[in-house]
Amino acid sequence: MSNTDNEMYDLTFFEKRFPLVIKSLRNVRKNRRLSHAYIVYSDNAEIRKSFAFILAQIILCSELDSDVVPCLKCSSCLKIMEGLYPDIYTLEPTSKSRQIVIGQDVEDTDTVRWFQARFSLSSMAGLGGKIGIIHDADRITVQAQNAFLKTLEEPPKGSFFILTSGNPHTLLPTVISRCQLISLITNKCSYEFSCCSELYDLLNSMILPQNISFSFAVEASAELLKMFDSLRKEAEESTKEKWAKRLAELEYLESATARKRITTRYDAAVVAEYRLLREHFLSAVHSWFAQVFQLTSGIDFSFLANPEIVQNYLDSEFKLMHNDANRMLGQVERFIKNLKWNINEQLAVQEFCINLVVKKRNNYK
């Protein structure tokens, strides 16, 4: 619920990077023409997540007639910034499959039915309207989207909904038609995770002609698996922080069924968070090889989307041939596809490293 996860994406950032979007929203707010539902579309997950709270501030700011909203000074703005506004409800994928499901009933937390029920309750803040934010809305199942349509068609008075997505075209047309689309395209992904520099060094070493042995492939796979373990620990820590309140309530629950329900959901949320982090990690792997492929195709360095991540390749004396870069990019895509199909992670990593490292032997003879 807090907008403090990534402080670089504050109002000033959006005013500079997307001035027309901010200006347009301020105009519709001043003219009392805000939509009841928005889809925030961006190729950067942190940007769309942060902007959802900026948009909530624009909607709920107490400065009704001001040309500059949010004011960042009123009670609503400050509470949203601090993550303390009680009438903002968020929903995001927490199942192992990273899907948002319809749910059994209104008590089934982190489901669409539970989410919808929040808007039939009396306001806790008394400050203004209610905001419902659904992160990664493209992960809502078709059944759950159909169930949510009724709320989008006839939203409770004073309620606004913000759906964020990197793939809005996967939402049902009936859902899209009931929302205003806000595009925050950057045409660039930001790759920042604990082992990113180690990853790029490893990828560069995997393409070098001197590293063509089976033993090196095994060593490379072990390094990749260590990085996956690091992501898993990161997922556990971030999920534990998000679930701190619910986990603290476990000892006060008398029902064993209720306790098991929470712990099962928590375990699933850890898996969902890990898969999200792994997806970002794999995107970095794909981007590294894709940009190397572009360089072998004659694309100028200045036209690369993320030139900083292939700096180690540029500094290396060895440069791939175009056919080799194309083949390796194909192996990366096969690797990502295997993991999406839930093939055993260790086997998928080992196959990828062997195919990438050992099978290049013929090209270097």
Side-chain angles (χ1 to χ4, degrees), residues 6 8-9 13-14 16-21 40-51 164-169 183-211 220 223-224 227-228 230-231 276-340 349 352-353 355-357 359-360 363-364:
N6 195 326
M8 69 170 288
Y9 300 122
F13 169 84
F14 289 105
K16 291 180 178 178
R17 190 65 183 270
F18 307 101
L20 294 179
V21 171
V40 177
Y41 166 48
S42 177
D43 48 5
N44 184 303
E46 289 298 332
I47 282 180
R48 60 180 183 258
K49 185 174 183 179
S50 295
F51 188 75
T164 74
S165 175
N167 300 288
H169 61 279
S183 179
L184 304 174
I185 300 299
T186 65
N187 289 321
K188 179 177 181 178
C189 290
S190 177
Y191 297 111
E192 297 179 4
F193 42 88
S194 58
C195 52
C196 57
S197 59
E198 291 87 347
L199 171 64
Y200 305 142
D201 288 340
L202 177 63
L203 297 179
N204 193 63
S205 67
M206 290 173 72
I207 69 171
L208 297 177
Q210 62 265 33
N211 297 328
E223 287 301 313
L224 271 179
M227 294 179 190
F228 280 13
S230 176
L231 294 177
L276 178 62
L277 294 175
R278 191 182 69 177
E279 183 179 306
H280 187 61
F281 179 91
L282 294 173
S283 175
V285 175
H286 185 271
S287 183
W288 194 91
F289 279 96
Q291 291 186 118
V292 168
F293 170 77
Q294 291 172 41
L295 289 170
T296 65
S297 302
I299 300 296
D300 188 85
F301 173 78
S302 61
F303 289 105
L304 297 181
N306 295 88
E308 71 281 355
I309 74 173
V310 291
Q311 190 60 52
N312 52 5
Y313 172 79
L314 292 169
D315 293 340
S316 173
E317 294 183 0
F318 172 73
K319 296 294 182 288
L320 280 173
M321 298 296 290
H322 178 69
N323 289 341
D324 294 327
N326 183 47
R327 181 188 63 80
M328 290 181 178
L329 182 57
Q331 292 296 340
V332 173
E333 292 169 349
R334 172 185 170 87
F335 173 48
I336 294 173
K337 184 178 180 181
N338 284 343
L339 288 175
K340 284 185 177 179
V349 169
F352 166 63
C353 292
N355 286 340
L356 197 74
V357 173
K359 288 192 176 182
K360 68 175 184 245
N363 296 323
Y364 297 144

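Worth knowing before you read on, the calculation uses all heavy atoms, side chains too, and leaves out hydrogens, waters and symmetry mates.
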Are [X] and [Y] side-chain neighbours, meaning at least one heavy-atom pair lies under 4.5 Å?
X    : Y    : value
F289 : L203 : yes
N355 : R334 : yes
M206 : C353 : yes
F51  : T164 : no
C196 : Y191 : no
L208 : S316 : yes
I336 : E279 : no
N306 : W288 : no

Heavy atoms only: give me the nearest [X]-[Y] pair and the separation to one decimal.
X    : Y    : answer
N44  : S190 : ND2-CB, 3.9 Å
F14  : L184 : CE2-CD1, 4.3 Å
L231 : L277 : O-CD1, 3.6 Å

First locate atom [atom1] of [X], then atom [atom2] of [Y], and finally report the distance between them rounded to the nearest 0.5 Å.
X    : Y    : atom1 : atom2 : result
L329 : Q291 : CG    : CD    : 11.0 Å
S165 : Y41  : OG    : OH    : 8.0 Å
L224 : L202 : CG    : CG    : 5.0 Å
I309 : L199 : CD1   : CG    : 8.5 Å
E317 : D315 : CD    : CG    : 10.5 Å
S205 : E223 : OG    : CD    : 9.0 Å

Fit a plane to each ring of F18 and F13, take the angle between them on a 0 to 90° scale, and name the class: parallel (under 30°), tilted (30 to 60°) or perpendicular (over 60°).
perpendicular
Would you call the rings of F193 and H280 parallel, tilted or perpendicular if under 30° counts as parallel and over 60° as perpendicular?
perpendicular
Take V292 and M328, measure what side-chain contact (heavy atoms from CB on, under 4.5 Å) needs, and give me the verdict at the end.
CA-CA 10 Å; V292 168; M328 290 181 178; over 6 Å; no
With sequence neighbours excluded, what pairs up with T186 under the side chain to side chain donor-acceptor pair (under 3.5 Å) test?
D43
Quick one: side chain to side chain donor-acceptor pair (under 3.5 Å) partners of N323, sequence neighbours excluded?
none
If only side-chain N and O atoms count, and only distance matters, is there a donor-acceptor pair under 3.5 Å linking S302 with D300?
yes
[X] side-chain N/O to [Y] backbone N/O, donor-acceptor pair under 3.5 Å:
X    : Y    : answer
K319 : Y313 : yes
Y200 : Q311 : no
S297 : I299 : no

